[in-house]
Chemist: 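Provided herewith is a single structure, encoded as C-alpha cells, for subsequent inquiry.
Order of the sequence lines fixes the chain letters, A, B, ..., with proteins taken first and strands second; residue numbering starts at 1 for each chain. Computed over heavy atoms, backbone and side chain alike; hydrogens, waters and symmetry mates excluded.
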Amino acid sequence: MAGFSKVQELRSFSFHPMEKYLEQLNEAQRQAVIHIEGPSIIIAGAGSGKTRVLVHRISHMLNKGVDAFNILALTFTNKAAREMKGRITNLAGDEARNLWMGTFHSVFAKMLRVEAQRIGYPQSFTIYDTDDSKNLIKDIVKSQGLDEKVYKPGVVLNRISTAKNNLFSVKEYQDNPELNNDDRIAGKPHMALLYEIYQNRLFKSGSMDFDDLIFNTYILLRDFPEVLHKYQHKFKYVLVDEFQDTNYAQYIVVRKLSAQHENICVVGDDAQSIYSFRGANIQNILSFEKDYPELQTFKLEQNYRSSGIIVNAANSVIANNRGQLPKKVWTENHDGDKISLLRALSDNEEGSIVASSIFEERLRRQWVNHDFAILYRTNAQSRAMEEALRRKGIPYRIYGGISFYARKEVKDLMAYFRLAVNPDDEEALKRVINYPKREIGKTTLEKLVIAAERESLSIWKVIGKIHSIETGITAATRNRISDFGSMIKSFGAMLKTHNAYELASHISGSSGLLKELYSDQTPEGISHYENIQELLNGIKEFTDNGNTGLPAPSAEQELEPELRTLDVFLQDVALVTDADSDDQEKDTVSLMTIHAAKGLEFKCVYVVGLEENLFPSQMALQSRTELEEERRLFYVAITRAEKKLFLSHAASRYRWGNLTGCEPSRFLEEVGEEFVESVVNEVKRNGLADERRANWSGFGNSGKAFAGAAKPAVLPGPGFRRMKSGERTSEAPVSEQLPFVADDSNQIVVGMEVEHQKFGAGKVVNMEGVAADLKATVFFPAHGNKQLLLKFAKLRIIR
DNA sequence: GGAGGCCTCGGAAGG
DNA sequence: CGAGGCCTCC
C-alpha cells in the first residue's frame, strides 16, 4: 500500500506538539482524526462530536499535504456537506473548495454527467423526482391494461427502487425466480414487465430517477475498466458519513471506488439507523467489518451534548434493542433536570400543555424560542401543536411538508427548463405540452405516446417528425404540435448564448406561463405567481453571484459567470430539497418529525404523542426489527435534547375523524424511572367532553416510569391548579428551590397588591381572559405594567 | 375542458 | 376528518 511512509510520519506526528486543532479533541476523537490510512470505521454515539471528527479528519489530511482533489466525502444531506465544507475551509483554508463533498446522489450525478455517453445517456440527462416516476408508472400501468388498484404507482416504484438498491437490473430481476415468485404471491406477477418498460421509457427520455444515479454509477464502474481506474486513482481517500443509512448499492459503489487505495473511512451510529424503511441497510456496518478484516475501529463514546440524565435515559431505552454494536455512551455533563412526563386528556390538550410549558420554561430559564423543539412521529400531529402555539402567541416554524420545488407552478416552469436542456424528457413534456392551453389535448397526447412506442422513439422525436409519422392526428393539431416543438427548440438554442436568468425569464414569458398565472387573482393564484417570482429571483441570484437564495447545494465552488447557464442551474436543483434551506434568522420554536430532527440539537425538547399505535407506529408492531427501528427513532428523539426533555402522551386523539382512546407508549416504560418525574398538568375542566373525562382512568400505572406519579383522585376543580410543588425533586436546580410560595391564583382580583418573584411588589390593575388564559395586568413601580399569565406567574398575595 | 360530487385512504422522507 | 384522485355532467 502506497501510504506506508505517511503512516510513519503521522505516528511520529502524534507524539509531537500538535497543531491547535488537534488539542481541541479528546483522545478517541484524536485517534480517529489522525489515522487516515487504511480502512476504518468510526462508531459515533449520539452527541459525541461526529461532525467535528469528520471536519478535523479532512482538515488534517489537507494540512498533511493530501490534495483536496483526491478526497471524496459522502454525506446524508446537501446541507451537511455545505456546513462541513465551510468548517473545513476555516480550519484548512481555501483548498477545501476542491473537495468532492456532497450526497451520494449529487456526487454520482456529477460523475455521470462526464461519463453518461458510455452507457447511452446524453450528457444533459435530466433527473426524475418521485412524482415524475409515479406519473410515468401510472401511465405504463394504464397502457398495459393492468389493474391500477393492484399496481399502485407508489407500490410499483418502491419495488423497482428496492431492486435497484440491491443492484438487480431488469434482466436480473426477470431471471430471478425468487423475486418473480414473491411478486406472484403478492398478486403482482407483472412487476418485472413494469420494471422493464419503466426503465426503457426513462432511457428513451434521457432521464434517470434517483436510484438510477446510484445504479448507473455502479454499471459504469463495473463495465468500463478505464472509468473505474480513473476514479479509483482520483479518490485516494473516501469518507462516508451516516453510514448506517446507506443502502447496499451505495456501499458496493463506495467499495469499488476505494478498492485501489483502501483508504475508506465510514462514520455512523447503528443506534441511529432510522431509514431502513427506504432501503438503508444496517447490515452494511457488519459487512464492512467482514470485508475489511484489517479495519481500524474508533469509538466515540463521550457525549458532549446532553445532560447526564438524558444520556442515561437514552441508554436505558436503547438497551432494549438486541444486537447493538457494543459501546457505552457516557458524559461528564451534570445530571441536570429530570425528564418530565406530561399527560393530557386529548391531542388538543396536549398541544396547550406543551405550549404552556414552553411559555413557562422560556421565562423561567431565560431561553429563547429557538431553544425549543417539538418532535412528533407523524406530520399530522403538528396541527394541535400549531393551534396551541398560535393561541399563546409563541412563534414557531414547521419543518417538512411540501417542498418548494414540489409545488405545481414551480414544477411547471421547471418542466420548460428541463425541455430546453433535454427535450426527450417525457414527463416534462407531458406536463407542459398543453399548459398553458394550446389545444393539444389528452387524446392527442395518447396518440403521440402510442406512435412513440410503435416507433421506439421518444415523444419529442415523434414531434420532430410529426408530419411524416402516422399518428392519426389532424393537420390542424399537428401544426400546433409543431409550433410547440419550434418553441422548445428555440429555448434550447438559447442555452449557450444566454445566461440562466435571461433564458429563464424569456421562457416564463414566451411560454405564456407567467401570463397564465398572473390572470388568476385569487389568493392561491397570487401565491403561485409569487412562487414563480421567487424561483426567478433565485435564478437571478445564481446568475449574478453563482449561488442561489433558494434551497440549493452551494457546496460546490462558485461558478465562473460564463458557466451560469440554465442547464447548470437545473443540474443542481434536481437534487435539492427544503431540508437544505437554512432559515435561521427568525427566533421560532421548531416543529418537526423525529426523522427530520436527526443531526439537530435543542436545549429543550418535547417528544409528543408517546402512545401505543402512534409511537411505536401500529405498522411497526408486526416484527421485532420494525419495533427496534421505532425504538431507535425514540433514541434519536431523546438525544436531541441538551438540557431538558419532556415526554408527553394523550389519553385520546382524533385519528381519521374519530376520537380514539390511546394507551401510553411502551417506550415510556423503558425510560429508567429514576430519570423521570411526572408532572400533573393543570387541566381545564371547561370544554372537556364527558367521554374524554372518562378516559382519565386510562392513565393507569402501566408504565413503571410513572408508577409513583400522583394520580388525581378527582378531576381538578373549576379553573386550574398549579403544579404540585412537592413533585419537584431535590435534584432541581437551585433557582427552582427559592422558597417563594405562590398563592392560589384563583384568589387574585383587580386592586390586590401582589408580589412577584422577579418584579417585586405590584398592584393588579386589570384582569382578562378566562380559565387557563386568565391574564392579569400588574403595575410594578420598578418595571411598569406587566401582563402576567396567571397560570405561570407565581404571585403572592400581599393584601 | 372544467367544476363539482363521490370515493378512498391514511408512515416516516433523504436525493 | 380532509386531501387527492377519478368520474360525471354540463
Side-chain angles (χ1 to χ4, degrees), chain A residues 74-81 102-110 127-135 138 142 148-149 152-155 158 161 164-165 208-215 217 241-242 244-247 249-250 273-280 347 375-384 399-403 405-406 408 434-444 551-553 571-580 592-599 609 613-621 626 629-630 632-634 636-637 653-660:
Chain A
L74 297 162
T75 59
F76 188 63
T77 63
N78 293 305
K79 189 179 167 192
T103 59
F104 277 87
H105 293 87
S106 63
V107 166
F108 292 174
K110 192 171 159 184
I127 298 169
Y128 277 13
D129 68 16
T130 308
D131 281 347
D132 296 325
S133 295
K134 284 186 193 167
N135 285 337
K138 201 189 291 174
K142 228 182 267 179
E148 295 176 56
K149 296 251 158 25
K152 291 182 198 159
V155 173
N158 265 341
S161 172
K164 291 180 187 173
N165 289 339
M208 299 190 196
D209 68 14
F210 289 131
D211 301 312
D212 286 337
L213 295 175
I214 316 295
F215 187 82
T217 302
D241 192 11
E242 307 284 10
Q244 76 280 357
D245 291 324
T246 55
N247 62 42
Q250 289 169 328
S273 163
I274 54 174
Y275 282 106
S276 77
F277 70 90
R278 63 177 196 215
D347 45 1
L375 308 182
Y376 34 78
R377 180 65 180 81
T378 67
N379 279 311
Q381 292 166 257
S382 70
R383 189 199 46 85
Y399 293 76
I402 189 154
S403 118
Y405 291 105
K408 182 190 172 296
N434 198 35
Y435 182 77
K437 299 264 139 23
R438 305 188 171 86
E439 298 182 81
I440 306 173
K442 214 165 63 183
T443 321
T444 304
Q571 285 173 15
D572 279 356
V573 122
L575 299 173
V576 158
T577 61
D578 278 5
D580 296 322
M592 62 184 91
T593 63
I594 301 165
H595 283 91
K598 196 179 102 169
N613 297 322
L614 179 61
F615 192 17
S617 156
Q618 82 267 18
M619 297 168 105
L621 301 179
E626 284 176 297
E629 176 143 324
E630 294 285 305
R632 291 194 293 272
L633 196 56
F634 186 44
V636 167
R653 172 178 303 278
Y654 275 97
R655 301 191 92 180
W656 303 327
N658 311 312
L659 189 70
T660 40

Chemist: Measure from the ring centre of A:Tyr275 to the centre of the six-membered ring in the base of B:dG14, then say whether that distance is under 5.5 Å and the planes meet at under 30°.
Modeler: no
Chemist: Starting from C1' on C:dC1, measure out to CG on A:Asn658 and report it in whole angstrom.
Modeler: 8 Å
Chemist: Going by 5.5 Å between centroids and 30° between planes, is there a stack of A:Phe277 over B:dA12?
Modeler: yes
Chemist: Under 4.0 Å, heavy atoms only, any strand: does A:Glu630 hit a base, just the sugar-phosphate, or nothing?
Modeler: base
Chemist: Need one value for A:Arg655: base, sugar-phosphate or nothing, where a base atom within 4.0 Å counts as base even if backbone is also close, heavy atoms only.
Modeler: nothing
Chemist: Grab the N/O contacts between the protein and nucleotides 2-7 of chain B below 3.5 Å, and write none if there aren't any.
Modeler:
| unit_1 | atom_1 | unit_2 | atom_2 | d |
| --- | --- | --- | --- | --- |
| B:dG2 | OP1 | A:Lys437 | NZ | 2.7 |

Chemist: Would you kindly give the OH-to-P distance between A:Tyr654 and C:dG2, to the nearest whole Å?
Modeler: 11 Å
Chemist: Nearest whole angstrom, please: distance from the P of B:dG11 to the NZ of A:Lys152.
Modeler: 12 Å
Chemist: According to ring pair (Phe, Tyr, Trp, His ring centres under 6.0 Å), who are the partners of A:Tyr128, at least two apart in sequence or on a separate chain?
Modeler: none
Chemist: Residues in ring pair (Phe, Tyr, Trp, His ring centres under 6.0 Å) with A:Tyr275, at least two apart?
Modeler: A:Phe76, A:Phe277, A:His595
Chemist: Using whole Å, report how far CH2 of A:Trp656 lies from P of B:dT8.
Modeler: 16 Å
Chemist: Heavy atoms from C-beta onward define the side chain here; which of B:dG14, B:dG11, B:dA12 lies closest to that of A:Asn379?
Modeler: B:dA12
Chemist: Rounded to the nearest angstrom, tell me the gap between atom OH in A:Tyr399 and atom C1' in B:dG14.
Modeler: 17 Å
Chemist: Using only heavy-atom distances, decide whether a donor-acceptor pair under 3.5 angstrom links the side-chain of A:Gln381 to the base of B:dG11.
Modeler: no
